[in-house]
Amino acid sequence: FENKEYTAAKAQFEKVRTEPISPASLALVNHYLAAIDKQGGWSLAAGLNYERTDNVNNASAIKEITLGKLTFQKNADSLPQKAQGIRYSGSLSRDFNLAGNHYLSVDGAVYGVNYWDNHDYDQTTVRAGSGYVYRDIAQWASLKPYFEKTWLNSQAYAQTPGISAEYGRWLNKNWQTVAAADLSRTNYQDYTRFDGNRLALSATVAYLPNARLFVYGGADWINETARDPAEASIRKSLRIGTSYEWPLGISSRLNLRYAHRDFKANNFYVGYPRRDHEYQSTVSLWHRKLNFWGITPKLNWQYSKIDSNIP
């Protein structure tokens with residue numbers, strides 16, 4: 001059981017249950033069998049957040065752009081727009097124990113956002129995947145093909161087939177490492193100049209000194225191609241985060257990320273490649289005892305900023 005070989009463990013527990021054992025031992029066997037059944041069942045997760053943003057279109061607040069001797073005035077659609085609405089997510093997954101430590105994993109998810117005062121930026125993504133997972137007491141590895149489809153304002157926007165791989169290992173009871181890779185191809189319904197491949201590599205180290213504190217740090221490297229070379233880029237990022245359970249039932253989570261993004265070809269309008277510095281921070285607060293039918297309300301705040309050499 002501890003080594004994640006649930007099919008073999010269940011067979012052994014079922015065998016033990018047919019033998020003459022004490023009531024206490026029988027209760028323990030039933031406890032493990034119930035835990036195995038729970039591990040082999042469907043896992044459902046859902047989230048619902050109110051969201052308010054001052055820049056839903058990720059636009060620069062600069063109202064004028066100068067190209068050579070010409071000055072252009074931005075219209076209202078090209079300036080930052082406000083929006084508020086509901087961000088939602090839902091997922092369903094299950095791991096089927098094939099034999100020993102080998103599993104077949106199946107998962108599906110839907111997530112997106114609906115802005116009631118700016119529907120042009122409503123977005124919904126549906127994702128489905130299935131693949132192989134190996135899991136034991138000290139490590140796990142997976143290889144999963146998947147497919148995603150995205151709608152923007154109820155119109156087909158993009159579709160993405162891909163494959164992801166992950167390997168994680170507990171170095172000891174306090175330290176964990178995870179390495180992941182993802183290769184995908186995105187084709188856009190209308191904006192075909194953005195069609196291209198994406199290769200993402202990441203490494204994460206986590207430290208868990210006790211049951212209350214979780215700290216992690218990681219690095220990511222993403223290479224994106226595109227039909228238009230000026231839209232192809234390489235992004236390198238660093239991230240750190242922590243989660244802590246405070247007294248009086250309060251819990252918090254803090255995530256920070258910095259990324260440097262280099263585009264591969266000269267921008268058509270300015271004649272040189274775009275360079276971005278990206279900053280993001282997220283803070284979450286919630287009360288562990290505040291729970292309604294399995295739903296825990298959380299207060300989330302996110303700050304994002306992009307410093308670019310192109311206005």
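Please read these numbers as outputs of a predicted model, since none were measured by experiment. Values below: every heavy atom of this structure, side chains too, minus hydrogens, waters and symmetry copies.
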Are the aromatic rings of Tyr157 and Tyr188 close, with centres under 6.0 Å apart?
yes
Cluster overlap Leu254 with Ile240, hydrophobic side-chain contacts below 4.5 Å:
yes
Contact check, side chains of Trp170 and Ile137, non-hydrogen atoms, under 4.5 Å
no
Assigning hydrophobic clusters by single linkage (Ile, Leu, Val, Met, Phe, Trp, Tyr; side-chain heavy-atom cutoff under 4.5 Å), is Leu92 placed with Val106?
yes
Mark yes or no for whether Ser284, through its side chain, and Ser252, through its backbone, hold a donor-acceptor pair below 3.5 Å.
no
Do Asn57 and Asn55 have side-chain heavy atoms sitting under 4.5 Å apart?
yes
The test is side-chain contact (heavy atoms from CB on, under 4.5 Å); show your working for Lys264 and Thr225 and say whether it passes.
CA-CA 9 Å; Lys264 299 179 181 179; Thr225 66; 4.2 Å; yes
Any luck finding a side-chain donor-acceptor pair between Arg52 and Gln84 under 3.5 Å?
no
Decide side-chain contact (heavy atoms from CB on, under 4.5 Å) for Asp122 and Ser154; before the verdict, give the C-alpha distance in whole Å, the side-chain angles of both, and the deciding distance to 0.1 Å.
CA-CA 7 Å; Asp122 290 353; Ser154 302; 5.9 Å; no
Straight-line distance of Glu166 CD to Ser142 OG, nearest 0.5 Å
5.0 Å
Does Val126 form a side-chain contact (heavy atoms from CB on, under 4.5 Å) with Trp151? I'd like the steps, not just the answer.
CA-CA 9 Å; Val126 175; Trp151 291 263; 3.7 Å; yes
Quick check for you: to the nearest 0.5 Å, what is the distance between Arg235 atom CZ and Trp221 atom CH2?
12.5 Å
Would the Trp175 and Tyr207 ring centres measure less than 6.0 Å apart?
yes
Which heavy atom of Gln189 sits nearest a heavy atom of Thr192, and at what distance?
O-CG2, 4.5 Å
Are the side chain of Arg127 and the backbone of Val110 linked by a donor-acceptor contact shorter than 3.5 Å?
no
So which atom in Pro80 and which in Asp54 form the shortest heavy-atom distance, rounded to 0.1 Å?
CB-O, 3.8 Å
Walk me through it: do Arg274 and Ser308 pass the test side-chain contact (heavy atoms from CB on, under 4.5 Å)?
CA-CA 7 Å; Arg274 176 177 168 182; Ser308 179; 3.7 Å; yes
Can a donor-acceptor pair be found between the side chains of Thr124 and Tyr88 at a distance below 3.5 Å?
yes
Quick check against the 3.5 Å criterion: does Asn101 have a side-chain atom that pairs as donor or acceptor with the backbone of Arg135?
yes
Please check if the side chain of Arg87 supplies one atom and the backbone of Asn49 the other of a donor-acceptor pair under 3.5 Å.
no
Indicate, with yes or no, if Val215 and Leu208 share a hydrophobic cluster defined by side-chain heavy-atom contacts under 4.5 Å among Ile, Leu, Val, Met, Phe, Trp and Tyr.
no
How are the rings of Phe96 and Trp42 set relative to one another: parallel (under 30°), tilted (30 to 60°) or perpendicular (over 60°)?
perpendicular
Provide the closest heavy-atom pair for Ala230 versus Ala265 in the form atom of the first, atom of the second, distance.
N-CB, 3.8 Å
Exercise: do Tyr115 and Asn153 side chains pair donor with acceptor under 3.5 Å
no
Are a donor atom and an acceptor atom from the side chains of Ser164 and Asp182 found within less than 3.5 Å of each other?
no
Single-linkage hydrophobic cluster Val56~Leu79, side-chain heavy atoms < 4.5 angstrom
no
Can any side-chain N or O of Asn309 pair as donor or acceptor with the backbone N or O of Pro273 at less than 3.5 Å?
yes
Side chain to side chain, Ile234 and His260, heavy atoms closer than 4.5 Å
no
Minimal heavy-atom distance between Arg212 and Pro247, with the atoms involved, is NH1-N, 4.4 Å
Quick one: does Thr242's side chain have a donor or acceptor within less than 3.5 Å of a partner on Phe214's backbone?
yes
Relative to each other, are the rings of Trp246 and Tyr244 parallel, tilted or perpendicular (30° and 60° limits)?
perpendicular
Give a yes or no on whether Tyr272 atom OH has more than 12 heavy-atom contacts from other residues, nucleotides or ligands under 6.0 Å away.
yes
Which distance, rounded to the nearest 0.5 Å, do you find between the CZ of Arg257 and the OG1 of Thr282?
9.0 Å
State whether the side chain of His287 and the backbone N or O of Leu248 hold a donor-acceptor pair below 3.5 Å, judged by distance alone.
yes
Do Leu104 and Arg94 have side chains that get closer than 4.5 Å, going by heavy atoms?
no
I'd like to know if the side chain of Asp276 reaches the main chain of Ile306, judged simply by a donor and an acceptor atom lying under 3.5 Å from each other, with no hydrogens or angles considered.
no
Same apolar cluster (I L V M F W Y, side chains within < 4.5 Å links), Leu201/Tyr216:
no
Could you give the distance from OG1 (Thr186) to CZ (Phe194), rounded to the nearest 0.5 Å?
12.0 Å
Does any donor atom in the side chain of Thr204 or Arg239 lie under 3.5 Å from an acceptor atom in the other side chain?
yes
Heavy-atom nearest pair, Leu143 first then Ala165, reads CD1-CB, 3.9 Å
Do Asn255 and Arg253 have side chains that approach each other closer than 4.5 Å (heavy atoms only, starting at C-beta)?
yes
NE2/His277 to CZ/Arg261 distance, rounded to the nearest 0.5 angstrom?
13.5 Å
Could you check whether any side-chain heavy atom of Tyr134 comes within less than 4.5 Å of a side-chain heavy atom of His102, counting everything from C-beta outward?
yes
Heavy-atom side-chain contact between Ser281 and Trp301 under 4.5 Å
yes
Where is the tightest heavy-atom contact between Lys149 and Ala156, given as atom of each residue plus distance?
NZ-CB, 4.3 Å
To the nearest 0.5 Å, how far apart are NZ in Lys289 and CD1 in Ile250?
11.0 Å
If you define the side chain from C-beta out and look only at heavy atoms, does anything of Gln123 sit under 4.5 Å from Thr150?
yes
Below 4.0 angstrom, N of the basic side chain to O of the carboxylate: do Asp107 and Lys144 qualify?
yes
